[in-house]
**Q** 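One structure, pasted below without further comment.
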Amino acid sequence: LCKKALGAADYICIGENFHTVFVDGVPRLTLNDLNVLRRLITFIDCMYEAHVKLILQLETQTRDIFEVQLDNAHQDEAFSFDRTRSRLDEMGSKEYLKKRWIGRNKDIAIGQTEEMKHDLEFLVEEEDGIQSEKGHKKGRH
């Protein structure tokens, strides 16, 4: 989800269409993973803003997903991820989990085009491993 060239618009579309999102296999990130880290921060921000119930299967503890020395040139990412850690903690709270999802019904979403719905379905199916090399849907047997 965050290793692909996706952006806020893609993540917003997910948040508008799914009240609960499961993400499997979130690795520990290093300075070599800055683009993935930035996308993860954006993804979590979008899920937070839509009040999505986010379930992450992490390879490490939340506090250890990304660490960098604050005297390093990448202080912005360190501070941004500290905010993300805080959001993840809040997203696991009873108060957050009681919040109403503010996504939209995908059939009546304002400004949502058929192309966006198709792109979202393609992304979900691709993650499930049912896309062919040419992007055509394979039937389930």
Side-chain angles (χ1 to χ4, degrees), residues 1-70 72-141:
L1 197 60
C2 296
K3 290 183 179 179
K4 297 180 182 191
L6 300 174
D10 301 300
Y11 301 140
I12 289 168
C13 187
I14 292 170
E16 288 179 343
N17 288 282
F18 298 95
H19 60 80
T20 305
V21 175
F22 293 82
V23 180
D24 186 44
V26 178
R28 177 180 222 159
L29 300 171
T30 68
L31 289 175
N32 294 327
D33 304 308
L34 284 179
N35 287 331
V36 174
L37 176 70
R38 289 173 182 145
R39 288 186 195 112
L40 179 63
I41 290 168
T42 301
F43 172 72
I44 292 169
D45 285 346
C46 292
M47 299 303 103
Y48 178 86
E49 294 299 327
H51 300 167
V52 169
K53 292 1 175 216
L54 183 62
I55 294 89
L56 300 175
Q57 187 276 318
L58 307 171
E59 292 180 4
T60 187
Q61 296 294 318
T62 304
R63 67 179 179 272
D64 298 327
I65 294 174
F66 178 72
E67 258 185 80
V68 65
Q69 300 297 325
L70 292 180
N72 191 291
H74 298 285
Q75 289 182 12
D76 289 343
E77 285 80 8
F79 288 123
S80 292
F81 199 75
D82 279 343
R83 181 179 50 81
T84 300
R85 278 190 198 102
S86 176
R87 284 192 164 188
L88 287 171
D89 289 344
E90 182 182 342
M91 291 170 87
S93 72
K94 288 181 183 178
E95 293 80 19
Y96 180 88
L97 295 172
K98 289 179 184 177
K99 288 183 179 181
R100 186 173 180 269
W101 172 57
I102 60 172
R104 301 179 212 165
N105 181 319
K106 72 179 186 177
D107 293 327
I108 61 170
I110 298 169
Q112 184 172 357
T113 65
E114 288 300 315
E115 183 178 340
M116 288 175 70
K117 285 196 268 185
H118 171 64
D119 289 348
L120 180 60
E121 290 166 0
F122 178 85
L123 176 65
V124 170
E125 290 171 352
E126 185 178 65
E127 289 298 316
D128 287 342
I130 59 171
Q131 289 298 121
S132 71
E133 291 178 18
K134 294 181 181 178
H136 297 290
K137 294 179 185 177
K138 289 184 179 178
R140 295 180 192 242
H141 301 288

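Fair warning: this is a prediction, and the values are worked out from it, not measured in the lab.
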**Q** Please name all residues satisfying side-chain contact (heavy atoms from CB on, under 4.5 Å) with Asn35, sequence neighbours left out, ordered by chain then number.
**A** Arg38, Arg39

**Q** Is there a side-chain contact between Leu40 and Thr84 (heavy atoms, below 4.5 Å)?
**A** no

**Q** State, to 0.1 Å, how close Cys46 and Ala8 come at their nearest heavy-atom pair, and which atoms those are.
**A**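 Taking Cys46 first and Ala8 second, the nearest heavy atoms are SG-O, 3.9 Å.
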
**Q** For side chain to side chain contact (heavy atoms under 4.5 Å, CB included), just list the numbers for Thr20 and Val52, CA-CA rounded to whole Å, side-chain angles, deciding distance to a tenth of an Å, and then say yes or no.
**A** CA-CA 5 Å; Thr20 305; Val52 169; 5.6 Å; no

**Q** Taking Gln57 for its side chain and Gly25 for its backbone only, find out whether a donor-acceptor pair lies under 3.5 Å.
**A**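 The answer is yes, because a donor-acceptor pair under 3.5 Å joins these two groups.
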
**Q** Could you report the tightest heavy-atom contact between Leu31 and Phe66, atom names first, then the distance?
**A**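 It is CD2-CZ, 4.1 Å.
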
**Q** Check this for me, if you would: do Arg28 and Asp33 make a salt bridge, where the nitrogen-to-carboxylate-oxygen distance has to be below 4.0 angstrom?
**A**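 Here Arg28 does not pair with Asp33 in a salt bridge, since their nearest N and O are not under 4.0 Å apart.
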
**Q** If every non-hydrogen atom of Phe43 is compared with every non-hydrogen atom of Cys2, which pair is closest and at what distance?
**A**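 Scanning both residues completely, I find the closest heavy atoms to be CB-SG, 4.3 Å.
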
**Q** I'd like to check Ile12 versus Glu49 (side-chain heavy atoms, cut-off strictly below 4.5 Å). Are they in contact?
**A**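 With C-beta onward as the side chain, the pair stays apart.
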
**Q** Side chains of Tyr11 and Leu1, heavy atoms from C-beta outward: is any pair under 4.5 Å?
**A** yes

**Q** Going by the rule side-chain contact (heavy atoms from CB on, under 4.5 Å), which residues pair with Lys99 if we only count those two or more places apart in sequence or in a different chain?
**A**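 For Lys99, the residues satisfying side-chain contact (heavy atoms from CB on, under 4.5 Å) (neighbours in sequence not counted) are His51, Glu90, Tyr96.
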
**Q** Could you check whether any side-chain N or O of Asn17 sits under 3.5 Å from a backbone N or O of Cys13, counting only pairs where one atom can act as donor and the other as acceptor?
**A**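 Pair found, side chain donor or acceptor close to backbone of Cys13.
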
**Q** Are side-chain heavy atoms of Val21 and Met47 found at a separation under 4.5 Å?
**A**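 Yes, close enough: below the 4.5 Å cut-off.
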
